[in-house]
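Remarks on the structure that follows.
Every chain is numbered from 1 and lettered A, B, ... according to where its sequence line falls, protein lines coming before strand lines.
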There are 2 protein chains.
Amino acid sequence: MIRISKKVEYALMALKFISQSDNKLVTAREISDTKKIPYDLLSKILQKLKNENILLSNQGTNGGYSLNKRTDEIYLFNLMNMLDGDIALADCMHETKEKECSLEDSCSIKSEVAKLQKEVEDVFKNKTISDFV
Amino acid sequence: MIRISKKVEYALMALKFISQSDNKLVTAREISDTKKIPYDLLSKILQKLKNENILLSNQGTNGGYSLNKRTDEIYLFNLMNMLDGDIALADCMHETKEKECSLEDSCSIKSEVAKLQKEVEDVFKNKTISDFV
DNA sequence: TCAAATAGGACTATATTAGTCCAAATTAGA
DNA sequence: TCTAATTTGGACTAATATAGTCCTATTTGA
């Protein structure tokens, strides 16, 4: 199916929320409560975004998260790759071909699927968080 | 994740195969053998395509399938809808909103996701089987 | 030293996708 | 008219991916 995962959905909501909390640190709990996002799942997502340098974090009392990039520097395409792994319309389209396609020899549609993949990627490469704010 | 299902993948291969077998009826077994596609699954797909008037079928000995439309009249977008159900980047994007979104009230990204969905749909609406042949 | 917060591993549950099995109906041809 | 080739289609199982939970450790400000 063609869909955006919950992880990415939640990340978009969280990033938008943080971007609108001018410079104040925002806690996972705040976002979870306001946006009705499962706390533990959201925590994981925020941690990931921190590790990917999208967010800055402060531990401990009064801690929280803040943006480490401008909203127009955060591409949806990259978020999707970070959170869901690389986008591959078919198994043979993974960047690192960890999954060999058993149809390889008989497959007759690969090159066109590759084009398609590029076009879909372009849609996501042309969206940043600023489009959602 | 953003991916094309096996069903659609197999449908593309099968339709391409049939379109290249000039007018001769093609059996599910032939396609399955040549393209290494699980027979039962392929059968289901061909049946579906027949019910959707993409294919014509003849039962019995010497039976098989043939195209009921020109390749440039068969849109990838429609294939995907037939085989996988309607494309919805997020739950709230289903045409028939059978799945209510529990975040509805707190959701702040819906309108932008809708735009995104339209752009992705357009990619698939602009591809037909003739692009794969 | 306590409470608020992030960090992160391990696990479970749910949903989706892929694939299999079986029996029925149809039909051409021997 | 019998048989084999074929489509038809329901019911089921298996595999995989996604979503969500639980628990404990670490950091830090007051």
Side-chain angles (χ1 to χ4, degrees), chain A residues 1-11 14 18 24-33 36-52 54-66 68 80 83-91 94 98-99 101-103, chain B residues 1-11 14 18 24-33 36-52 54-66 68 80 83-91 94 98-99 101-103:
Chain A
M1 214 195 298
I2 304 291
R3 56 195 305 281
I4 286 180
S5 70
K6 288 287 173 191
K7 280 190 199 171
V8 171
E9 218 176 285
Y10 294 156
I18 295 170
K24 196 167 60 62
L25 288 184
V26 182
T27 67
R29 180 61 64 188
E30 268 183 89
I31 303 174
S32 164
D33 287 349
K36 307 280 183 348
I37 299 172
Y39 175 77
D40 287 304
L41 187 51
L42 178 64
S43 296
K44 293 280 151 52
I45 294 166
L46 297 175
Q47 283 161 36
K48 182 78 182 171
L49 295 178
K50 185 257 174 172
N51 288 330
E52 299 277 355
I54 304 287
L55 293 176
L56 293 174
S57 72
N58 285 85
Q59 281 197 48
T61 312
N62 299 333
Y65 295 93
S66 60
N68 192 32
M80 293 170 76
L83 295 169
D84 295 340
D86 75 312
I87 292 174
L89 283 190
D91 288 342
H94 282 287
E98 80 271 6
K99 251 190 184 168
C101 176
S102 60
L103 302 174
Chain B
M1 217 194 299
I2 305 291
R3 57 194 306 281
I4 287 180
S5 70
K6 287 287 173 191
K7 279 191 199 170
V8 171
E9 218 176 285
Y10 295 155
I18 295 170
K24 195 168 61 64
L25 288 185
V26 181
T27 67
R29 181 61 64 187
E30 267 183 274
I31 304 174
S32 164
D33 287 348
K36 307 281 186 342
I37 299 172
Y39 175 77
D40 287 304
L41 186 50
L42 178 64
S43 295
K44 292 279 152 51
I45 293 166
L46 297 174
Q47 283 163 36
K48 182 77 183 174
L49 294 178
K50 185 255 174 173
N51 287 330
E52 300 278 355
I54 304 287
L55 294 175
L56 293 173
S57 72
N58 285 85
Q59 280 196 48
T61 312
N62 301 332
Y65 295 94
S66 59
N68 193 30
M80 293 169 77
L83 296 169
D84 296 338
D86 76 310
I87 292 174
L89 283 191
D91 289 341
H94 282 286
E98 80 271 6
K99 250 190 185 169
C101 176
S102 59
L103 302 173

Take the protein atom CG of B/Asp91 and the nucleotide atom P of D/dT18, then report the distance between them rounded to whole Å.
14 Å
All N/O contacts under 3.5 Å from nucleotides 20-24 of chain C to the protein, with atom names and distances to one decimal?
| from | atom 1 | to | atom 2 | distance (Å) |
| --- | --- | --- | --- | --- |
| C/dT20 | O4 | B/Lys44 | NZ | 3.3 |

Rounded to whole Å, how long is the line connecting atom CG of A/Asp86 with atom P of D/dA17?
12 Å
For the pair A/Lys6 and B/Asp91, find out whether any cationic side-chain nitrogen is under 4.0 Å from an anionic carboxylate oxygen.
yes
Results of side chain to side chain contact (heavy atoms under 4.5 Å, CB included) for A/Thr61 - residues two or more places apart only:
none
Rounded to the Å, how far apart are B/Arg29 CZ and D/dA5 P?
11 Å
Can a side chain N or O of B/Tyr10 be found less than 4.0 Å away from OP1 or OP2 on C/dG19?
yes
Could you pick out which residue, A/Gln47 or A/Gly60, lies toward the 5' side of DNA chain C when each is mapped onto its nearest nucleotide?
A/Gly60
Roughly how many Å is it from CG in B/Leu55 to P in D/dG9, rounded to a whole number?
14 Å
B/Lys7 side chain near C/dT17 phosphate (N/O to OP1/OP2, under 4.0 Å)
no
Length of the line joining A/Ile2:CD1 and D/dT18:P, which is rounded to integer Å
12 Å
Phosphate OP1/OP2 of C/dG29 contacted by B/Asn62 side-chain N/O (<4.0 Å)
yes
Specify the separation, in whole Å, of atom CG of A/Leu83 and atom C1' of D/dA17.
15 Å
Quick one: is B/Ser5 getting a side-chain N or O under 4.0 Å of the C/dT16 phosphate, OP1 or OP2?
no
Within less than 4.0 Å of OP1 or OP2 of D/dG29, is there a side-chain N or O belonging to A/Asn58?
no
Give a yes/no answer on whether the side chain of B/Arg3 brings an N or O atom under 4.0 Å of OP1 or OP2 in C/dA18.
yes
Just how far, in rounded Å, is P of C/dA18 from CG of B/Leu42?
14 Å
Partners of B/Lys48 by salt bridge (charged side-chain N to carboxylate O under 4.0 Å, His left out), sequence neighbours excluded?
B/Glu52
